[in-house]
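Working notes for the structure below.
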4 protein chains.
Amino acid sequence: MAEARKPVPGARTDARRNKEALLKAAASAFVASGVDVPVREIAALAGVGVATIYRHFPTRADLVVAVYRLQVEACVETGKALLARGSQPYAALVEWVDLFVDFLVTKHGLAEALRSEDATFQALHSYFLDNLLPVCGDLLAAARSAGEVRGDIEALELMIGVGNLCIGVNKDIPYDARRMVGVLLAGLRPE
Amino acid sequence: MAEARKPVPGARTDARRNKEALLKAAASAFVASGVDVPVREIAALAGVGVATIYRHFPTRADLVVAVYRLQVEACVETGKALLARGSQPYAALVEWVDLFVDFLVTKHGLAEALRSEDATFQALHSYFLDNLLPVCGDLLAAARSAGEVRGDIEALELMIGVGNLCIGVNKDIPYDARRMVGVLLAGLRPE
Amino acid sequence: MAEARKPVPGARTDARRNKEALLKAAASAFVASGVDVPVREIAALAGVGVATIYRHFPTRADLVVAVYRLQVEACVETGKALLARGSQPYAALVEWVDLFVDFLVTKHGLAEALRSEDATFQALHSYFLDNLLPVCGDLLAAARSAGEVRGDIEALELMIGVGNLCIGVNKDIPYDARRMVGVLLAGLRPE
Amino acid sequence: MAEARKPVPGARTDARRNKEALLKAAASAFVASGVDVPVREIAALAGVGVATIYRHFPTRADLVVAVYRLQVEACVETGKALLARGSQPYAALVEWVDLFVDFLVTKHGLAEALRSEDATFQALHSYFLDNLLPVCGDLLAAARSAGEVRGDIEALELMIGVGNLCIGVNKDIPYDARRMVGVLLAGLRPE
DNA sequence: GATGAATGAGCCTTCATTCAT
DNA sequence: GATGAATGAAGGCTCATTCAT
């Protein structure tokens with residue numbers, strides 16, 4: 001229905017504007033209070049009504065995905081580029097993982113959400129995996145083929161592990177996710 | 001409901017019995033729904049009124065700590081024993097960490113709670129750290145002195161990392177926390 | 001219950017209508033059960049959900065103040081008019097106090113609330129005092145200047161005394177607050 | 001039943017000791033937190049179990065009455081003495097009322113309780129009135145007979161008024177109940 | 001007689017979500 | 001399309017009162 005009729009260009013412009021304000025607001029709110037920040041808070045921040053959020057993003061997962069889509073895509077692209085480079089596959093894997101970690105670590109609450117049991121976040125989880133797993137899988141396979149990493153670790157497991165290590169950053173605790181991920185990757189070396 | 005109530009009409013003597021029933025119920029409830037399961041749910045499971053929980057465990061943290069106290073203590077004891085053994089400090093560290101992981105992994109939701117930002121769990125977090133950190137620190141120091149592990153990783157960071165890797169087990173996802181912790185520990189090796 | 005709900009399905013326009021229904025319901029509830037009547041009761045009486053109350057009146061004090069605002073304002077206005085009249089300041093004071101008493105006496109529970117130690121009602125107390133004290137003060141000062149009342153009683157003390165005398169009316173006890181306030185005012189006469 | 005059997009003197013001694021501890025504790029608790037202080041608090045203060053309170057004082061009113069019985073009786077006695085004096089009936093009334101006010105004012109929360117609508121305090125209210133009203137009535141009648149006070153105020157009304165004026169003392173508000181009662185009594189003078 | 005453990009009703013408050021305008 | 005008012009379920013916590021020991 002709604003999609004079928006694109007007659008009032010002005011309204012559409014407003015809608016897009018709104019959607020972008022929403023994404024910006026949500027991004028802030030997610031960073032400040034986690035991805036399970038009250039809907040009202042996001043709406044207020046964006047200067048729109050709550051229902052507007054529901055219109056554009058029926059579920060919370062939709063909103064979260066939308067907020068992080070660009071960065072996920074960038075991550076995918078960079079991964080492909082690293083892969084295309086062909087040489088030094090372990091270094092490429094490390095580089096890519098570092099990128100992924102940078103992404104997670106700067107999104108307070110995202111890593112947590114990815115691990116959440118809450119059904120609300122299932123779609124979020126899927127989105128990340130659907131997009132990033134292939135890339136990670138290829139990078140890992142390349143490293144494995146070159147004999148640069150042990151062969152018993154699967155990409156999914158690695159991604160989950162890395163994601164988990166990124167949880168809880170930004171607290172006042174002396175915990176450096178990047179360093180721990182570095183240790184994990186070092187542990188990937190054969191023998 | 002009503003039938004479930006009146007667990008053992010007696011009192012004085014049964015206070016302890018009741019407390020234990022509560023601990024058992026809480027343990028189940030924690031596993032099933034996380035440590036932030038509604039108080040009412042635990043009470044129902046234990047067949048007691050909510051106030052009974054509040055009597056025995058004024059705050060939620062008290063309850064959680066009580067539920068895991070024995071196992072934390074066992075973990076501490078084993079750690080001391082391993083330390084006393086003196087030889088092969090890296091192996092001892094690995095053995096102890098495996099124990100810690102076994103503990104966390106079988107307590108669905110505990111690792112998550114340990115990372116929770118919720119003030120309610122601050123005491124829980126402290127309890128774990130106060131008790132386990134010294135042991136882990138000693139084991140790590142021993143391994144470090146023997147030159148068996150790299151020197152730039154602190155015990156707190158290691159414990160948090162290990163704890164994080166234990167999050168989200170028990171889902172239907174093929175993720176083996178023990179294996180990932182193994183990788184992390186392998187990454188601790190020097191060079 | 002369910003039938004009572006859905007007062008007027010409309011919204012935007014009816015927000016005010018709803019708010020007024022709420023005020024009316026609250027007024028009744030306050031009279032019937034005191035100003036610390038459960039929120040749920042007011043909501044039920046108004047035929048709205050509890051959250052609707054919280055939307056319109058974030059704190060209980062807000063609601064109480066709203067309920068009595070008009071009358072307080074009227075009391076202030078009348079007081080100013082009496083003051084402007086200039087002549088017979090003691091008579092003016094009596095007239096104004098009678099008005100105040102009429103107000104309190106018909107609001108079973110209000111006088112009590114004004115004296116409540118509950119922090120919830122601090123704002124209510126302040127509201128009344130902030131608005132009525134100046135008027136009372138001026139009337140009293142005028143009477144004092146004219147030598148029509150003794151000089152050692154302050155307006156605040158008088159208002160509190162009058163308010164206290166209005167407590168507990170409407171019970172089945174033969175107590176006439178108006179008459180007692182009359183006695184109090186008579187006692188204000190010099191010598 | 002219980003009254004019929006007075007065999008175990010030891011137990012009875014304990015019981016009386018307990019009762020007195022309870023009265024002392026209740027007195028403190030009433031002053032500190034009002035007469036509706038939680039039962040548990042009183043019990044804790046007295047170092048007894050809650051049930052012990054219920055045994056000795058089935059209702060809260062029983063406890064409150066017991067706590068103030070001595071003072072009420074003293075008030076009655078003094079009243080009778082003043083009455084017996086015969087001369088200067090208005091002065092006697094004032095003196096007695098001052099006594100009553102001293103009593104109320106030093107019992108934070110008592111005046112409030114006397115006016116409370118809570119059914120729990122009905123018995124308290126009755127006790128006070130049953131005992132004090134006759135005395136007050138006699139003193140007032142004497143003054144009235146002597147033409148020292150106006151004739152349209154009944155003793156009950158006076159007592160309630162005085163009681164009301166004693167409410168809310170001890171707050172940080174500059175309100176002197178004794179002075180206001182003085183004004184009220186002055187207002188009682190004829191003409 | 002005394003104890004204090006247990007009960008459970010009851011209150012406040014928050015938030016996701018719907019829906020009439 | 002946007003709005004934001006309204007809903008009502010849900011959860012935490014307290015306290016008077018009962019009752020087995």
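The chains referred to below are lettered A, B, ... by the order of the sequence lines, with proteins before strands, and numbering in each begins at 1.
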Next item on the list: Just compare E:dC11, F:dG8, E:dT7 and give me whichever is closest to any side-chain atom of C:Arg40.
Entry: E:dC11
Next item on the list: Find the runs of at least 3 consecutive base pairs, i with j, i+1 with j-1 and so on, that include DNA chain F, using Watson-Crick or G-U wobble geometry with both distances under 3.5 Å.
Entry: E:2-21 with F:2-21
Item checked: Stretch residues 54-61 of chain C: residues that reach within less than 4.0 Å of DNA chain F through a heavy atom -> C:Arg55, C:His56
Checklist line | Residue whose closest nucleotide on DNA chain F lies nearer the 5' end, B:Val39 versus D:Val39 | finding: B:Val39
Next item on the list: To the nearest 0.5 Å, tell me how far D:Lys19 NZ sits from D:Arg55 CZ.
Entry: 11.5 Å
Note to self: Tell me the interatomic distance from D:Ile42, atom CD1, to E:dG4, atom P, rounded to whole angstroms.
What the structure shows: 16 Å
Notebook entry, point to check: Who passes side-chain hydrogen bond (donor to acceptor under 3.5 Å, both in side chains) against D:Ser28, sequence neighbours left out?
Noted result: none
Next item on the list: State which residues pass side-chain hydrogen bond (donor to acceptor under 3.5 Å, both in side chains) with A:Asp118; sequence neighbours excluded, sorted by chain then number.
Entry: A:Thr120
Check: Residues in side-chain contact (heavy atoms from CB on, under 4.5 Å) with D:Ala27, at least two apart?
Finding: D:Val67
Checklist line | Along DNA chain E (nearest heavy atom to each residue), the more 5'-positioned of B:Val50 and A:Val50 | finding: B:Val50
Item checked: Residue pairs passing the ring-ring contact (aromatic ring centres under 6.0 Å, His included) test where at least one lies in residues 14-68 of chain A, sequence neighbours excluded -> A:Tyr68-A:Phe103
Notebook entry, point to check: By side-chain hydrogen bond (donor to acceptor under 3.5 Å, both in side chains), which residues pair with B:Arg115, not counting sequence neighbours?
Noted result: B:Asn164
Notebook entry, point to check: Can you list the residues that meet the side-chain contact (heavy atoms from CB on, under 4.5 Å) rule with A:Gln122, with sequence neighbours excluded?
Noted result: A:His125, A:Ser126
Note to self: Expressed as a whole number of angstroms, how long is the span from D:Ile53:CD1 to F:dC15:P?
What the structure shows: 14 Å
Next item on the list: Compare the minimum distances between each of E:dC12, F:dC15, F:dT17 and the side chain of B:Ala51, then state the nucleotide with the smallest one.
Entry: F:dC15
Notebook entry, point to check: Could you give the CD-to-C1' distance, from A:Glu41 to F:dG4, as a whole number of Å?
Noted result: 17 Å
Next item on the list: Using the side-chain contact (heavy atoms from CB on, under 4.5 Å) rule, take A:Leu114 and A:Leu129 through it: C-alpha gap first, then chi angles, then the decisive distance, then the call.
Entry: CA-CA 10 Å; A:Leu114 284 174; A:Leu129 247 41; over 6 Å; no
Notebook entry, point to check: Under the side-chain hydrogen bond (donor to acceptor under 3.5 Å, both in side chains) test, which residues partner B:Asp62, sequence neighbours left out?
Noted result: B:Thr59
Next item on the list: Kindly point out which of F:dG4, F:dG12, F:dT14 is positioned nearest to the side chain of B:Pro38?
Entry: F:dG12
Notebook entry, point to check: In whole Å, what is the span from the CG atom of A:Asp62 to the C1' atom of E:dA16?
Noted result: 15 Å
Next item on the list: Find the distance C:Asp36:CG to E:dT13:P and express it as a whole number of Å.
Entry: 13 Å
Note to self: Counting only side-chain nitrogens and oxygens, does D:Asn18 get under 4.0 Å of the OP1 or OP2 atom of E:dA2?
What the structure shows: yes
Note to self: I want to confirm an ordering. Mapping B:Val37 and C:Lys19 to their closest nucleotides on DNA chain F, which one lands closer to the 5' end?
What the structure shows: C:Lys19
Next item on the list: Could you tell me the separation between the CZ atom of C:Arg16 and the P atom of E:dT21, rounded to a whole number of Å?
Entry: 16 Å
Note to self: Is the phosphate of F:dT3 approached by A:Thr52 (side-chain N or O, under 4.0 Å from OP1 or OP2)?
What the structure shows: yes
